[in-house]
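Right, one structure below, let's go through it.
This structure is a prediction, so every number in the text was calculated from the model and none was measured. Quick note on labels: first sequence line is chain A, next is B, and so on, each numbered from 1.
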Amino acid sequence: MAIDITKIFKKKQTEILERWMQNQLADAGLREDLMSNEDLRAESEELITALVKSLNDKNLSDADSGDFDHVIEILSGISISRARQGYSPRETGLFIMSLKQALIEVVQDEIEGPKELVEVTLKLNRLMDSFSIITFETFIKGREEVILRQTDEISEISTPVIRVWDGIIALPIIGTLDSARTQVVMESLLTEIVESESSVAILDISGVPTVDSLVAQHLLKTVSATRLMGAECIISGIRPEIAQTIVHLGIDLSGIVTKATLASALQYAFRTLRLVVKKEVKAIS
Amino acid sequence: MDRIPILKMGQFLLVTIQVDLYDRLALDLEADLVRMVSKTGAKGILIDISAVSIVDSFMGRIIGNIGVMSKLLDAETVVVGMQPAVAITLVELGLPLKGVYTALNVEKGMDLLKLKIQVTDEDETDPEYDHSDDISE
Amino acid sequence: MKQILNMITATISLNKDHMPVQRDQDVVPFRNRVKEYATKIRMGLVNQTKLQTAASELVRNMLRYGGGGEILIEVVSRGRDNGIRLTFSDKGPGIADIAMAMKDGYSTGKSLGLGLPGTKRLVNEFDIKSELGKGTKVVILKWANG
């Protein structure tokens, strides 16, 4: 005897929702601070409606079926937004797990033959497990997005351009200089040169742990780009061990102005701009 | 046919490139500029590329050509106002833009040209930048 | 299962556009079209400039050596990252030695000889196929956040 599972779910849709809500609300870990019960109910109802609509006897055990596209879309949306709001994986998992429980409870009431019941339950189990996996996959994806955004923020924070003097800007680089970072450094340095109409830019590398040939290449590129814009770029903060590495690796930095300290770079910049800093001599009365 | 206008300001020729150049237009500009230098006896050319969003190797070569050709006619060329994104791209592309000086904006470019003309007999070792760029306080 | 996951990672529909390029005057409109697409997927200014410059180099090569051809502009996506793929196809004489052409400083024409290797540095992916007498096909790809 074939059992019309679609019919059962259509008929019992409200009951499923009620049971599901009960399951969810019963959990101690419910985050009422993050979402109101009304919102939770609306979310749950949307998902159930989509699920009941797309579910039929044929696709019951086949989560790969295209029929579930809409369900998966809703599920992914919920899962990603929860990841962003700071739900724990457990709380997010509970959302879909408790639906499974509600569905099976309803099926238990409706199907009498034990053989059919086991069969439907197993299929339902498999389907809902697939949905759970998707929920976790998208949840982690949502978290990864958060991390990526923070990484971007960090790289922006870590490249502050300082206006040292009228016409002189400085950019202290702290940490490793890879090609992605170089791009950010170059961009903020050049943009600031245009905005502040500066003729001299000082790139201080005291905070760069090592300079290998790749880093040197990045530095050279930055200097060349600055010159193309019509400004001079000085590299300062060359520590003795870095000078040694540069020579040992055979890196040619002779085309650019390098200084040991930011102070001497600034002095050079002053000379370039024909500025003089003098100690005030007090007249003895 | 379109042409890029060339303005004469005293000893200098001023060109502002406002549109993306297609090849014909760029070649015409090269020819027009060299002709103008010869006709007016201008001592300097200032090319403002602040509105140019792309400089590819073709455009780079035209600019370089202008620099070298006008140098033969005893005029200096300064390119001003290059966008940061354009500068970064040129460096990545490996285009050095030889034969011309660069400056941040028209004002600084003018100062640089004036300075170049004064010291025109002196030997210049670094053609890409001259740090005597004058910002007197 | 795998199919579903793929559907999640590649939800953005692919957008395609063909553009024939036969004359010098076609270069600027083509570049503008590339810019339009790049702006649409919110590519940063520097990456946009790099992509447009690379496109400009290749379209010039196509006009100079291949006698014009056709360009396919595509919006592609990989996970959360979007990108633009350009395919330049011409029916010109083809390139005899690609390895040689990809070396810095090599050129058969009257250019600066940094065309292909320089262009490669500007994009994330670069592929060239050429058959003597049949034509050349160059594919480049730039990610919005690459």
Side-chain angles (χ1 to χ4, degrees), chain B residues 1-4 16-32 34 48-69 77 79-100 102 127-128, chain C residues 21-36 38-39 43-65 68 86 88 102-107 109-124 126 140 142 146:
Chain B
M1 189 156 183
D2 305 342
R3 274 204 137 69
I4 306 283
T16 304
I17 301 175
Q18 299 278 11
V19 291
D20 271 334
L21 294 181
Y22 53 86
D23 300 15
R24 190 72 250 151
L25 205 56
L27 289 167
D28 282 349
L29 176 66
E30 180 187 294
D32 287 353
V34 177
D48 177 14
I49 59 164
S50 55
V52 174
S53 56
I54 296 255
V55 175
D56 59 9
S57 59
F58 176 80
M59 256 285 271
R61 190 168 45 139
I62 295 282
I63 292 173
N65 285 355
I66 292 173
V68 177
M69 289 172 188
T77 306
V79 173
V80 304
M82 186 184 291
Q83 292 294 325
V86 172
I88 293 172
T89 305
L90 281 182
V91 168
E92 210 67 60
L93 193 62
L95 199 71
L97 215 61
K98 286 212 169 84
V100 296
T102 53
E128 284 189 346
Chain C
V21 172
Q22 301 299 341
R23 309 169 301 156
D24 275 355
Q25 282 91 324
D26 296 337
V27 174
V28 173
F30 161 68
R31 274 194 328 220
N32 290 340
R33 186 78 64 90
V34 173
K35 190 190 172 85
E36 256 171 54
T39 316
M43 190 181 277
L45 183 63
V46 174
N47 280 344
Q48 252 188 55
T49 309
K50 285 183 179 176
L51 174 67
Q52 281 195 73
T53 309
S56 190
E57 296 293 322
L58 291 174
V59 79
R60 270 186 216 295
N61 277 348
M62 200 166 88
L63 283 169
R64 190 176 300 133
Y65 306 115
L86 303 173
F88 301 78
M102 288 307 296
K103 265 191 197 154
D104 256 320
Y106 172 82
S107 173
K110 210 187 98 185
S111 73
L112 285 171
L114 46 80
L116 290 181
T119 307
K120 190 178 177 182
R121 282 195 292 270
L122 294 178
V123 292
N124 300 114
F126 183 100
I140 57 170
K142 184 89 187 159

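Within the 4.5 Å cutoff, the side chain of C:V21 has no heavy atoms near those of the C:F88 side chain.
Side-chain atoms of C:Q48 come within 3.5 Å of backbone atoms of C:M43 as a donor-acceptor pair (strictly under, hydrogens ignored). Judged by distance alone, the side chain of C:R31 and the main-chain N or O of C:Q52 form no donor-acceptor pair under 3.5 Å.
Using a 4.5 Å cut-off between heavy atoms, C:N32 contacts chain B through its side chain alone, with no backbone atom that close. For B:V19, no part sits under 4.5 Å from any heavy atom of chain C, backbone or side chain. Contact of C:V27 with chain B is not made at all, since no heavy-atom distance falls under 4.5 Å.
When all heavy atoms of B:R3 and B:D32 are compared, the closest pair comes out as NE-OD2, 2.8 Å.
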